[in-house]
Amino acid sequence: DAVSGAPEAPHHAHDGDDGPLDVSASSSCSVQDADQATRSPVGDSKSVLSEGGGPEASAVARHQVQEAAVHARDAQETVGAESPLPSSVAVDGVAEFLSVPLASLGPWPGRPVRVAFAASEGPVRVVDLSEAGVSFEPSSPGAADLTVHGSACELVLGLYNRVALDSLRAEGDVALIGELWRWADR
């Protein structure tokens, strides 16, 4: 039993041959300034995500909210007790998926297309896909080649491949759904 007012002993995990690794709350859960550079291990080196145009710490945290929400939904589904993602998380999740995971894929391999994701409780998110990659603010007006409709939760679960996007209502060139998934699943 902990003594009232006494500091908690740090919890240790073993990190290979380097001895114990301190994973106490004070060492692993410190608050980081949202504008501060964030480091991520890449191979044997460290890559600064915010220098050179990468996301700030707040963008990393935003992505983690989406990952946690989708994985929580996976766990709920496993025990047969799934519930929709919180609306505000799902609405942001559509934009976040298009601007981070999808945008990181590089050049779109097909003909240039415009795709819209219309969440029933949020804004319509439009992206242009071309050899330049993903563009979020289309420079030219025009209708989408494909519009996928659903609740924000359904769209997020579709984008994270938890439900088939082709199970959602779509208008336009529905063959683009297959092209989009082949590109995103490479």
Side-chain angles (χ1 to χ4, degrees), residues 34-35 37-38 40 42 47-74 77 82-186:
D35 295 326
T38 302
S40 173
V42 178
S47 172
V48 177
L49 296 176
S50 65
E51 294 176 7
E56 302 291 339
S58 59
V60 173
R62 178 183 182 207
H63 182 68
Q64 290 303 304
V65 168
Q66 301 308 318
E67 290 279 332
V70 171
H71 290 304
R73 169 63 187 234
D74 292 342
E77 186 176 9
E82 63 268 3
S83 60
L85 301 177
S87 182
S88 61
V89 170
V91 167
D92 183 60
V94 175
E96 195 277 337
F97 185 91
L98 298 174
S99 65
V100 178
L102 193 68
S104 70
L105 295 176
W108 167 251
R111 65 178 170 80
V113 294
R114 179 169 289 169
V115 181
F117 295 89
S120 55
E121 69 271 47
V124 175
R125 302 291 182 180
V126 179
V127 294
D128 281 349
L129 305 174
S130 70
E131 64 184 22
V134 176
S135 171
F136 304 100
E137 297 180 16
S139 58
S140 62
D145 297 290
L146 169 68
T147 302
V148 181
H149 299 269
S151 70
C153 177
E154 292 168 331
L155 292 174
V156 168
L157 294 175
L159 291 166
Y160 277 97
N161 203 22
R162 295 327 197 260
V163 299
L165 268 181
D166 61 5
S167 69
L168 302 176
R169 188 169 67 84
E171 297 172 352
D173 186 353
V174 295
L176 285 173
I177 292 174
E179 291 179 46
L180 182 62
W181 277 119
R182 282 187 293 281
W183 180 55
D185 196 36
R186 58 187 173 132

Would you compute the distance between atom NE2 of H71 and atom CZ of R162 and round it to the nearest 0.5 angstrom? 6.0 Å

From H149 atom NE2 to T147 atom OG1, the distance as rounded to the nearest 0.5 Å: 5.0 Å

Rounded to the nearest 0.5 Å, what's the gap from CG on L98 to OG on S135? Could you check? 11.5 Å

Looking at S120 and S151, what are the two nearest heavy atoms and their distance? OG-CA, 3.4 Å

So, W181 side chain and A184 main chain: donor-acceptor pair closer than 3.5 Å or not? no

Evaluate S99 against R62 for side chain to side chain contact (heavy atoms under 4.5 Å, CB included), listing each step before the verdict. CA-CA 11 Å; S99 65; R62 178 183 182 207; 4.2 Å; yes

If the plane angle is over 60° it's perpendicular, under 30° parallel, otherwise tilted; pick one for Y160 and H63. tilted

Keeping the roles fixed (side chain from Q66, backbone from V89), state whether a donor-acceptor pair exists under 3.5 Å. yes

Of P84, P86, S83, which is the lone residue that meets side-chain contact (heavy atoms from CB on, under 4.5 Å) with C153? P84

What pair of heavy atoms forms the shortest contact from V134 to A103, and how long is it? CG2-CA, 3.9 Å

N/O donor-acceptor pair under 3.5 Å between W183 side chain and G178 backbone: no

With the side chain counted from C-beta on, respond yes when P123 and V91 share a heavy-atom pair under 4.5 Å apart, and no when they do not. yes

Thinking salt bridges, do D173 and R114 make one under a 4.0 Å N-O criterion? no

Close side-chain approach of V113 to R111, heavy-atom, < 4.5 Å: yes

Are the side chain of E154 and the backbone N or O of L168 linked by a donor-acceptor pair below 3.5 Å? no

Rounded to the nearest 0.5 Å, how far apart are CZ of F136 and CG of D128? 10.5 Å

Distance col, row D145:CG vs E171:CD, nearest 0.5 angstrom, shows 13.0 Å

What's the shortest heavy-atom distance between L146 and I177, and which atoms? CD2-CG1, 3.7 Å

Taking all non-hydrogen atoms of both residues into account, name the closest pair between F97 and P101 and its distance. O-CD, 3.1 Å

Flag yes if more than 12 heavy atoms outside E131 fall under 6.0 Å of its CD atom; otherwise flag no. no

Between A116 and V124, what is the shortest heavy-atom contact and its length? CB-CG1, 3.9 Å

Take V126 and F117 through the side chain to side chain contact (heavy atoms under 4.5 Å, CB included) test and state the conclusion after the steps. CA-CA 6 Å; V126 179; F117 295 89; over 6 Å; no

How close do L85 and A90 get, heavy atom to heavy atom, and via which atoms? CB-CB, 4.1 Å

What's the spacing between L180 CG and L129 CG if we round to 0.5 Å? 6.5 Å

